[in-house]
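Only one structure is covered here, and it is reproduced in the block below.
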Amino acid sequence: MEAWGLAVVMLVSATVTVLAGTLLPHAWPDGLRRMFVGMVIAGTVVSLIYSPWGRRSGAHFNPAVTLTFYALGRVKRWDAVFYAAFQVAGATLGILIAGLLLGSLLREPPVMWIVTRPGTPGAVIAFVAEFAISFVLMSTVLAVGGSTKFSRFTGVFAGALIFLYICFEAPFSGFSMNPARTFASAAVSGSFQAFWIYVLAPPAGMLAAAYLNRSVAALPSIRCAKLIHDSSTRCIHCGFMPESERNARQPV
């Protein structure tokens with residue numbers, strides 16, 4: 001489920017970036033193109049978070065997210081290992097499928113396999129930007145997810161931030177926030193420019209958010225490693241089982 005989810009994100013991201021970069025009217029300003037891309041990608045992520053598969057796996061779709069929940073004790077060690085492995089596999093599969101479908105439109109400039117690279121301000125600013133957006137996203141997920149009143153909107157908050165990041169932060173770092181996503185594009189393109197930024201900054205930012213959340217008692221904190229935790233879906237992380245499944249397992 002985690003592999004499938006990230007594969008879909010990569011395929012959609014590649015397709016909408018090609019559409020925005022090569023097929024939309026040239027008169028469209030860059031900001032409007034980023035808004036279009038942001039709406040499609042953020043909408044896809046929100047849909048996946050609330051999908052049956054997203055509700056089942058927890059909708060991490062990002063090794064940095066899984067690592068953070070592991071650090072918080074919400075994910076078991078081997079679950080975290082396999083989550084991360086399949087996230088990388090899913091991202092790679094998604095970009096390869098996109099390459100088959102989109103051909104040279106994806107492989108050649110200006111799209112270039114949607115590789116994430118630092119913007120004009122340089123690598124240091126890109127690192128700071130990736131750290132900051134990862135910190136804010138995870139802080140929001142932990143706080144909103146831990147709120148009794150707003151927890152059901154966790155996916156909406158995450159999607160809104162992704163939209164804003166694509167619109168306003170992407171020019172600084174290329175917007176990754178996801179080591180698996182950056183690895184997939186780098187692996188198929190052979191371009192690992194400033195790859196260290198996208199491996200280090202997102203986990204560091206999210207772990208810093210987890211540390212702050214755990215240190216400040218007044219902050220609400222999500223109780224499980226699922227972004228959306230409902231009463232109808234079994235959870236491998238906290239052991240929750242719907243009443244219908246518990247009754248079905250009762251001996252007759």
Side-chain angles (χ1 to χ4, degrees), residues 6-24 28-45 61-65 67 87-88 90-92 94-96 98-99 102 104-138 158-206 208-209:
L6 195 47
V8 170
V9 171
M10 292 298 289
L11 178 58
V12 170
S13 298
T15 302
V16 72
T17 303
V18 165
L19 181 61
T22 62
L23 300 180
L24 291 181
W28 280 31
D30 288 342
L32 191 57
R33 292 175 190 273
R34 286 198 300 274
M35 287 183 63
F36 171 70
V37 171
M39 284 190 294
V40 174
I41 294 176
T44 300
V45 172
F61 308 137
N62 185 335
V65 172
L67 174 63
Q87 287 156 359
V88 171
T92 306
I95 196 67
L96 288 173
L102 300 171
S104 61
L105 291 175
L106 176 63
R107 296 193 299 265
E108 297 175 0
V111 180
M112 288 292 292
W113 292 106
I114 58 172
V115 171
T116 43
R117 297 191 181 95
T120 304
V124 173
I125 297 300
F127 183 93
V128 172
E130 285 286 315
F131 180 95
I133 62 176
S134 301
F135 176 86
V136 172
L137 179 76
M138 183 53 67
L161 285 174
I162 289 171
F163 170 74
L164 292 174
Y165 292 163
I166 293 173
C167 289
F168 301 107
E169 188 281 331
F172 296 97
S173 74
F175 177 66
S176 170
M177 206 168 57
N178 188 329
R181 174 258 179 276
T182 293
F183 171 81
S185 291
V188 298
S189 68
S191 176
F192 285 86
Q193 178 185 348
F195 181 65
W196 62 273
I197 293 173
Y198 308 101
V199 173
L200 297 179
M206 292 189 185

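Values in this document were obtained by computation on a predicted structure and should not be read as measured data. Just so you know, residue 1 is the first one in the sequence shown, and it goes up from there. Atom set for the values below is all heavy atoms of this structure, side chains included, hydrogens, waters and symmetry mates excluded.
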Sub-3.5 Å donor-acceptor pair from the side chain of Asn178 to the main-chain atoms of Phe61, do we have one?
yes
Side chain to side chain, Arg117 and Ser191, heavy atoms closer than 4.5 Å
yes
Would you say Leu105 and Val111 make side-chain contact, with heavy atoms under 4.5 Å?
no
Taking atom types as modelled, is there a side-chain donor on Ser189 or Arg107 under 3.5 Å from an acceptor on the other?
no
What closest approach, in Å, do Thr182 and Ser176 show between heavy atoms, and which atom pair accounts for it?
OG1-OG, 2.5 Å
For Glu130 and Ile197 the tightest heavy-atom approach is CG-CG2, 4.2 Å
Quick one: are Met206 and Leu67 in side-chain contact, heavy atoms under 4.5 Å?
no
Side chain proximity check, Leu106 to Trp113, heavy atoms < 4.5 angstrom:
yes
Residue pair Ser173 / Glu169, side-chain donor-acceptor N/O under 3.5 Å:
yes
Least distance between heavy atoms, Leu6 atom then Ala91 atom
CD2-CB, 3.7 Å
Side chain to side chain, Ile114 and Met10, heavy atoms closer than 4.5 Å:
yes
side-chain contact (heavy atoms from CB on, under 4.5 Å), that's the test. Do Phe195 and Phe183 meet it? Break it down for me.
CA-CA 8 Å; Phe195 181 65; Phe183 171 81; 4.0 Å; yes
Under 3.5 Å: donor-acceptor pair, side chain of Asn62, backbone of Ala180:
no
